[in-house]
Amino acid sequence: MHMADALLSPAVGGVMWATTAATIAFCARKTQRDLDDRKVPLMGVLGAFIFAAQMINFTIPATGSSGHLGGGMILAILLGPYAALLVIASVLTVQALFFADGGLLALGCNIFNLGVFPCFIAYPLIYKPVAGDGSSPKRLAFGATLAAIVSLQLGALGVVLETVASGISALPLGDFLAAMLPIHFAIGLVEGLVTTAVISFVWKARPEILAYSAVSRPLGNLSIAKVLVGLGLAAIVTGGALSWFASSFPDGLEWSMAKTSGQEELEAPHQGIHHLLAGIQEKTAFLPDYAFQSNEPQASAPEASAPSWPAVDAGTTTSGLVGGGLTLFLAVAVGFLLRRRTQFR
Amino acid sequence: MSHHIVEVQDLSYTYPDGAAAVRGISFRIHHGESVAVVGANGAGKSTLLLHLNGALTPQRGTVRIGDFPLTKATLRDIRRTVGMIFQDPDDQLFMPTVFEDVAFGPLNLGLPPEEVEQRVLASLARVGVEHLRDRPPYKLSGGEKRAVSIAAVLAMSPDILVMDEPSANLDPRARRTLIELLAGFHHTKIIATHDLDLVLDLCPRTIVIREGQIMADGPTRDIFTNDRLLEESHLEKPLRMQACPVCSGSMARKTEDAGSVHEH
Amino acid sequence: MANIESAFVDLGILDALAARDSIVHRLDPRVKVLTAAVFVLCVVSFDKYVIAAMLPFALFLSLILGLAGIPARFVLKRLVLVAPFAVLLGLFNPFFDRQILLHLGPVAVSGGWLSFLSILLRFGLTVGAMLTLIAVTGFNGVCMAMEKMGMPKIFAVQLLLLYRYIFVLADEGQRMHRARALRSFDGRGTGITTYGHLIGGLLLRTLDRAQRIHLAMLCRGFDGTIRTSRPPRLVARDVLLFALSCLLLIAMRRYDCSLLLGQFLTGLVP
């Protein structure tokens with residue numbers, strides 16, 4: 001699943017963007033140092049191939065529904081992790097810009113979830129050791145399937161953590177995980193089968209391609225170790241930043257945690273958190289938030305809303321509705337008028 | 001002007017899977033000549049062409065372009081001298097816009113920006129597609145793509161043009177425009193094609209290849225009147241040289257058919 | 001995959017829209033990319049229950065679309081198409097967040113429903129911003145801007161190549177899809193083995209094509225780096241307009257314009 005801008009808080013999105021940007025810069029340097037200029041067109045065209053491959057679907061065995069290729073593992077196997085990450089990032093960028101999959105801010109999360117896990121965890125730690133050079137069909141099938149499952153599980157975990165940490169969705173951590181992981185297990189299984197089918201076809205038809213990709217990009221243990229250390233550091237930094245944000249904006253993470261840990265708070269008002277939030281609202285004073293004031297008018301309404309107006313609960317709500325409606329109307333009208341003008345010109 | 005000579009001597013090439021595509025080919029092409037390379041599918045035309053600008057290095061024999069033998073050291077100069085026009089223009093137009101694509105080569109030559117721009121505009125004008133300069137290549141028609149890919153090669157100002165099936169996938173008018181365009185070029189031209197009518201228009205000399213070997217090398221008129229040679233090489237007389245079955249009545253064709261039956 | 005096919009049609013339409021000429025199109029791509037980023041950041045930084053205060057951002061988008069002469073219908077159509085996903089994202093909020101935050105007359109509205117609406121609105125605004133950006137800038141423009149702002153060159157180059165060959169390969173993919181559909185009946189022939197062969201074949205042809213492209217590059221002096229010409233310069237007008245739009249966006253984020261407007265209007269009515 002793609003992460004969407006709509007579920008993301010700026011803090012989480014920003015941290016993931018920074019992590020991903022650093023990873024891309026690292027991979028770009030690695031790929032450029034490789035000095036194999038054949039790879040420049042190869043990467044671009046393989047990215048386009050992923051889109052083309054997604055136009056063809058297949059029937060998933062025993063279910064009757066249809067699926068299509070994700071492609072992360074295939075790219076990693078064909079290109080090696082560094083170049084593959086760049087290609088996956090490009091595919092996701094195009095999807096974000098044209099197909100409304102994800103978004104600008106969510107791009108960081110998506111590249112991390114769908115790129116870093118297959119390229120730097122599943123490929124070197126699972127596929128390589130299990131599948132070896134790919135000459136044994138059984139090992140290849142097992143390695144590709146396991147790698148696809150693990151990378152999709154990790155990706156799903158990433159989506160869940162990012163969503164919960166952002167706190168826009170009210171879905172609690174446990175429930176979200178319980179929904180996401182099994183679905184992505186199934187998706188991973190299918191992706192693994194597809195990856196196996198495609199790679200073994202290539203292996204039979206043109207073994208030199210896979211041999212080339214295995215030889216020309218030796219994956220020294222050292223560089224992978226470096227990558228893992230780098231990712232670990234990134235994770236620590238991310239975690240630190242997130243917990244810092246979580247402590248200053250506690251609604252998302254802690255609230256969900258509290259709920260999933262079994263405290264029956266569904267109906268009870270979240271007094272503590274809301275008081276805290278209201279306090280932060282006042283202090284940071286980014287804008288007067290009518291929703292909270294209407295909830296606890298006696299606590300925070302008077303000082304937070306624009307003081308020159310009668311700050312009554314119902315009044316604020318009405319004003320919000322009237323103003324919002326009018327703004328929406330204006331949006332439509334402006335579009336309409338400008339459009340007419342351009343047509344007449 | 002000896003430096004524009006293309007000389008191939010005893011060239012052989014076998015692909016990794018064991019298919020011998022070229023088996024001992026030799027020829028010599030002089031400055032300003034237009035030469036067609038014809039032959040059946042899989043006869044080895046493309047493999048031969050790939051040697052002419054160093055995309056493949058000879059396994060046996062030599063390729064000389066001008067005064068230089070083709071080696072790693074001379075590769076850069078040879079690629080400047082020999083402009084290669086690919087069969088599928090989509091393979092050749094890889095940049096986002098027509099302008100950038102045509103500028104790709106000159107920029108790689110390290111020319112200053114003003115000269116790059118000047119060369120691009122001149123090449124586009126030479127093939128008559130200045131108006132396409134800002135268009136993305138995938139939006140062009142087949143004929144336009146072909147014209148732009150020729151402009152992209154011209155911008156490198158090569159002395160020798162090597163073309164692989166230049167008229168493939170073109171509609172009749174685009175094909176005619178292409179022939180007129182190519183006829184106006186002063187370059188040495190080597191054209192691999194199945195379009196024998198185009199050969200008739202452009203190339204006084206023809207080399208016939210079959211199974212990696214030269215079957216014939218001589219004046220186009222002589223070769224195209226040699227029925228046995230054409231048949232053995234899986235070729236057919238250009239339509240223009242055949243007795244037209246529509247105008248000259250169906251009788252002519254019938255007698256011909258009857259004759260061939262008798263021969264067998 | 002009717003969905004992805006229509007997406008490719010849209011790709012072509014977006015490209016045509018980006019090739020138009022308007023005051024927005026003429027702006028430096030960097031300005032547009034950065035403005036879009038500021039826009040998205042402002043929208044996502046709203047609190048989870050905010051609705052009305054976000055609406056001025058729709059006005060902003062509408063203004064840009066209008067100035068650029070892009071039919072809003074196109075953007076709206078895409079939004080409707082992806083709306084089910086947004087609904088799915090937000091649907092859980094009303095179930096898990098039942099605290100009453102608002103009374104509209106007799107109707108009590110829970111936080112969950114507010115945040116659900118908020119998610120829908122966020123989704124519309126962020127996706128709308130993305131489509132607007134691409135429709136007024138074009139993919140090449142966005143890539144160029146990102147490269148100028150520090151994106152690694154090799155990444156930019158292969159993004160451009162990817163975009164260039166999407167059209168060629170999507171065509172190939174579609175042809176294969178049709179060819180198979182014509183010869184498979186009752187679901188036979190669409191299984192995973194056939195699929196593996198199809199995709200494998202497509203992959204091999206793609207690899208061959210990559211090789212030919214590489215050859216074509218070498219023939220024109222390619223040595224590992226792709227050079228581009230005409231570095232576009234930022235002009236004063238670009239900077240000024242960027243500053244203006246940023247100010248506007250931040251002001252819209254800082255002050256609840258809908259609320260102020262509504263209060264003004266309700267204030268007029270005695």
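Note that the structure is a prediction, hence the values are computed from the model and not measured.
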Student: Which bit of Val43(C) comes within less than 4.5 Å of chain A, counting heavy atoms only: side chain, backbone, both or neither?
Tutor: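 Neither; nothing under 4.5 Å.
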Student: Testing the basics here: between Leu202(C) and Ala52(A), what is the closest heavy-atom pair and its distance to 0.1 Å?
Tutor: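 Leu202(C) and Ala52(A) have their closest heavy atoms at CD2-CB, 4.0 Å.
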Student: Quick check: closest heavy atoms across Leu42(A) and Ala210(C), and the distance to 0.1 Å?
Tutor: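 Here Leu42(A) and Ala210(C) meet closest at CD1-CB, 3.6 Å.
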Student: Return the CD1 to CD1 distance between Ile74(A) and Ile199(C), rounded to the nearest 0.5 Å.
Tutor: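 Ile74(A) CD1 to Ile199(C) CD1: 8.0 Å, rounded to 0.5 Å.
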Student: Indicate yes or no for a side-chain donor-acceptor contact from Gln158(C) to the backbone of Leu86(A) under 3.5 Å, with no hydrogens or angles considered.
Tutor: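 The answer is yes, because a donor-acceptor pair under 3.5 Å joins these two groups.
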Student: Please report the shortest heavy-atom distance between Leu97(A) and Phe139(C), naming the atom on each side.
Tutor: CD1-CE1, 3.7 Å
Student: Drop me the distance from Ile119(C)'s CD1 to Leu7(A)'s CG, to the nearest 0.5 angstrom.
Tutor: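 These two atoms lie 5.0 Å from each other.
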Student: Please report the interatomic distance CZ(Phe155(C)) to CD1(Ile24(A)), rounded to the nearest 0.5 Å.
Tutor: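 The CZ atom of Phe155(C) sits 4.0 Å away from the CD1 atom of Ile24(A).
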Student: Below 4.5 Å from any heavy atom of chain A, which atoms of Tyr163(C) appear? Answer side chain, backbone, both or neither.
Tutor: side chain
Student: Would you mind checking which part of Leu104(A) comes under 4.5 Å of any heavy atom in chain C, side chain (CB onward), backbone (N, CA, C, O), both or neither?
Tutor: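 For Leu104(A), heavy atoms of backbone and side chain both lie under 4.5 Å from chain C.
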Student: Applying side chain to side chain contact (heavy atoms under 4.5 Å, CB included) between Pro41(A) and each of Arg164(C), His214(C), Gln211(C), report the one that passes.
Tutor: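 The single option meeting the side chain to side chain contact (heavy atoms under 4.5 Å, CB included) with Pro41(A) is His214(C).
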Student: Does Asp175(A) reach the side chain of Phe92(C), with side-chain heavy atoms less than 4.5 Å apart?
Tutor: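 Not in contact.
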Student: For Ile134(C), is it the side chain, the backbone, both or neither that has a heavy atom under 4.5 Å from a heavy atom of chain A?
Tutor: side chain
Student: Is chain A contacted by the side chain of Leu14(C), its backbone, both, or neither, given a heavy-atom distance below 4.5 Å?
Tutor: side chain
Student: For Ala28(A) and Pro152(C), which heavy atoms make the closest approach, and how far apart are they?
Tutor: CB-CB, 3.4 Å
Student: What is the distance from atom CE of Met43(A) to atom CG of Leu159(C), rounded to the nearest 0.5 Å?
Tutor: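 These two atoms lie 9.5 Å from each other.
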Student: Is it the backbone or the side chain of Val40(C) that comes under 4.5 Å from a heavy atom of chain A, or both, or neither?
Tutor: side chain
Student: Hey, what do you get for CZ (Phe49(A)) to CG (Leu204(C)), rounding to the nearest 0.5 Å?
Tutor: 9.0 Å
Student: Give the minimum heavy-atom separation between Pro10(A) and Leu41(C), together with the two atoms involved.
Tutor: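 Looks like CB-CD2, 4.1 Å.
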Student: If you compare all heavy atoms of Phe85(C) against all heavy atoms of His2(A), which two are closest, and at what distance to 0.1 Å?
Tutor: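 Scanning both residues, the minimum pair turns out to be CZ-O, 3.7 Å.
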Student: Would you please indicate yes or no on a ring centroid separation below 6.0 angstrom for Phe51(A) and Phe167(C)?
Tutor: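 No, the ring of Phe167(C) stays outside the 6.0 Å limit from the ring of Phe51(A), centre to centre.
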Student: Which atoms of Leu203(C) are under 4.5 Å from chain A, going by heavy atoms: the side chain, the backbone, both sets, or neither?
Tutor: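 Both parts, backbone and side chain.
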Student: Say you draw a straight line from CD1 of Ile168(A) to OH of Tyr49(C); how long is it, rounded to the nearest 0.5 Å?
Tutor: 10.0 Å
Student: Between Ala89(A) and chain C, with a heavy-atom cut-off of 4.5 Å, which part of the residue counts as in contact: side chain, backbone, both or neither?
Tutor: both
Student: Between the main-chain N or O of Ser169(A) and the side-chain N or O of Asn93(C), is there a donor-acceptor pair closer than 3.5 Å?
Tutor: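 Not at all, since once roles are kept as given, no pair shorter than 3.5 Å links the two residues.
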